[in-house]
Amino acid sequence: MTGTVLEGIIAYPVTPFSAADGRVDTGRLAALVDRLVRAGCHAVAPLGSTGESAYLDDEEWYEAAEASVGAVAGRVPAVVGIADLTTRSAVRRARFAERAGADVVMVLPLSYWKLDEREVGRHFTAVADAVGIPVMIYNNPATSGIDLSPELMVSLVERVANITMVKESSGDVQRMHRLAQLSEGRLPFYNGSNPLALEAFAAGAAGWCTAAPCLIPELTLELYRAVRAGDLPAARAAFYRQLPVLQFILKGGLPTTVKAGLALDGFPAGDPRHPLLPLDAGRTGELAELLAAAR
C-alpha cells in the first residue's frame, strides 16, 4: 500500500496492562482500538510514546502490534510506531508490523550516543529498504534525544522512495512552515504537539497525531471538520474548549493521564508501567473536572 495517504485525526491508544499479571491486555487493547475507530478517527497509531512502547519487551511489542492492527481490521489505516536504539531491531519490528497488516510505520530514531545526520539517514534508509509500506519520519527530540532538522527530513523524503511523510513534534510551528516551504507544499506532515493543533492545521498539516481521542474524540474531530470547512471561528471554539485537557494530559505524561481519564470513563486500562506511577487522587479529580467542562 505504497499509496496510503493519511489525513485527519490519527488516534494514539494507550497499551492496557492486566491487573492480574501486569502483561499486555490484548483484549482490552483491541476494544480501545475499536472504540477509536467507531468514534470516527481517521487512522489509529499504536505503539507510540502514549502506548508505552519503550517499556515493552519484544514479545509484548509483537503481541500489541498484532492485536492493534487486527482490531483496526482495515477500516482505517493502521500506523505502527517503531522506536529502537539499534537499526537491526527497528528493521525487525518494521518487518513484523508489515506482516501483521500495518499500512504505515512511523519511525522514531533513539539515541544513546549522539547520532550525526549520516547515521540518522542510514537508519531511516535501512528501515525503509526493509519494508514495502510507507514510512513516516517522526521527530520528537524531547523523547528521542535527536532533533531532526526540516532540511534533513525533506532530503530523506526526496531520496528514499517509500519515506513519504513526516510527524513533527518538536513543539515549534516554524518547523512546519519550513517543511512546507522546502517541499513547496508537496510533503504531507502531521502535528504531534497537542497545544499546537490549531496552528498546525493553519500551517498546512495534513493531520493531527494525538492521544486525545481516547478521552475527547468528538472535540478533536470537531476541530478537524471546522478546519476542513474553512470555518475559523468554529475551529477556534473547538480548540479552546479542549485546550485545558490537552495541556493537562501533555504536562502529566500521556500514558499516565490518558489511563486515568479512561478509568474515569469506565474503561479501565490498567496502571502505567513502572517507573511511571498512576495519577494521584488530587490530579485525577482535576482531570475529571476538565473533562466535564470540555464535554
Q) Which pairs with one or both residues in residues 130-154 pass salt bridge (charged side-chain N to carboxylate O under 4.0 Å, His left out), sequence neighbours excluded? A) D147-R175, E151-R178

Q | Side-chain donor or acceptor of S53 paired with backbone N/O of S49 under 3.5 Å | A | no

Q. Between atom CG of L108 and atom CD1 of I146, what is the distance when rounded to the nearest 0.5 Å?
A. 7.5 Å

Q) How far does OG1 of T257 sit from CG of L262, to the nearest 0.5 angstrom? A) 9.5 Å

Q: Check whether any side-chain heavy atom of S68 lies under 4.5 Å from a side-chain heavy atom of L47, and answer yes or no.
A: no

Q.
Could you check whether any side-chain N or O of H42 sits under 3.5 Å from a backbone N or O of I10, counting only pairs where one atom can act as donor and the other as acceptor?
A. no

Donor-acceptor list for residues 198-213 side chains, cut-off 3.5 Å, not counting sequence neighbours:
from: W208; atom 1: NE1; to: N194; atom 2: OD1; distance (Å): 3.0
from: T210; atom 1: OG1; to: N194; atom 2: OD1; distance (Å): 2.8
from: T210; atom 1: OG1; to: A212; atom 2: N; distance (Å): 2.9

Q: Taking N139 for its side chain and V166 for its backbone only, find out whether a donor-acceptor pair lies under 3.5 Å.
A: no

**Q.** Side-chain (E286) to main-chain (G282) donor-acceptor, under 3.5 angstrom
**A.** no

**Q.** Exercise: do T125 and R122 side chains pair donor with acceptor under 3.5 Å
**A.** no

**Q.** Expected output: side-chain E63 to main-chain V24 donor-acceptor under 3.5 Å
**A.** no

Q | From V157, D129, V105, residue fulfilling side chain to side chain contact (heavy atoms under 4.5 Å, CB included) relative to V135 | A | V105

Q) Mind checking whether E119 and W113 have side chains closer than 4.5 Å, heavy atoms only? A) no

**Q.** Note, W61 side chain near V80 side chain (heavy atom, < 4.5 Å)
**A.** yes

Q. Hey, does the side chain of D271 reach the backbone of P278 with a donor-acceptor pair shorter than 3.5 angstrom?
A. no

Q) Under the side chain to side chain contact (heavy atoms under 4.5 Å, CB included) criterion, do I137 and F124 qualify, and how do the steps go? A) CA-CA 8 Å; I137 296 174; F124 276 107; 3.7 Å; yes

Q: State, yes or no, whether a side-chain contact exists between L36 and C214 at a heavy-atom distance under 4.5 Å.
A: yes

Q) Should we say atom CZ of R236 is surrounded by more than 12 heavy atoms from elsewhere, each under 6.0 Å from it? A) no

Q: Find out whether I216 and R241 are in side-chain contact, i.e. whether some heavy atom of one side chain is under 4.5 Å from a heavy atom of the other.
A: no

**Q.** Side-chain donor or acceptor of R75 paired with backbone N/O of R38 under 3.5 Å
**A.** no

**Q.** Distance in Å, D34 CG paired with L29 CG, rounded so as to fall on 0.5 Å steps
**A.** 11.0 Å

Q: Indicate yes or no: at least one non-hydrogen side-chain atom of R28 is less than 4.5 angstrom from one of F267.
A: yes

Q: Check whether NZ of the Lys or CZ of the Arg K167 lies under 6.0 Å from the centre of the six-membered ring of Y190 and within 45 degrees of that ring's axis.
A: no

Q: Please assess M136 against L6 for the test side chain to side chain contact (heavy atoms under 4.5 Å, CB included), listing each intermediate value before the final yes or no.
A: CA-CA 10 Å; M136 175 191 287; L6 301 177; 3.7 Å; yes

(Q) Any non-hydrogen side-chain atom of Y12 less than 4.5 Å from a side-chain atom of V258? (A) no

Q. Once you round to the nearest 0.5 Å, how far does CG of L56 lie from CZ of R23?
A. 9.0 Å

Q.
Please check this pair: side chain of E168 against backbone of F189, looking for a donor-acceptor N/O pair closer than 3.5 Å.
A. no

**Q.** Residue pair L276 / P255, side-chain heavy-atom distance below 4.5 Å
**A.** yes

Q: Output yes when R92 and D84 qualify as a salt bridge under the 4.0 Å nitrogen-oxygen rule, no when they do not.
A: no

Q.
Would you compute the distance between atom OG of S170 and atom CE of M176 and round it to the nearest 0.5 angstrom?
A. 6.5 Å

**Q.** Flag, side chain of E60 to backbone of D57, donor-acceptor distance under 3.5 Å
**A.** yes

Q: Measure the CG-OG distance between L250 and S193 for me, rounded to the nearest 0.5 Å.
A: 6.5 Å

(Q) Set out, in order, the CA-CA distance, both residues' side-chain angles and the distance that settles side chain to side chain contact (heavy atoms under 4.5 Å, CB included) for I133 and N162, then state yes or no. (A) CA-CA 7 Å; I133 56 178; N162 61 327; over 6 Å; no

Q.
Under 4.0 Å between a side-chain nitrogen and a carboxylate oxygen: does that hold for E66 and R99?
A. no

Q: Check the hydrophobic clustering (I, L, V, M, F, W, Y; side-chain heavy atoms under 4.5 Å; chains of links allowed) and say if V69 and V76 are grouped together.
A: no

**Q.** Heavy-atom donor-acceptor pair, Q242 side chain to L219 backbone, under 3.5 Å
**A.** yes

Q. So, D58 and R93, do they make that salt bridge, N to O below 4.0 Å?
A. yes

**Q.** Residues in side-chain contact (heavy atoms from CB on, under 4.5 Å) contact with A226, at least two apart in sequence or another chain
**A.** A234, A235

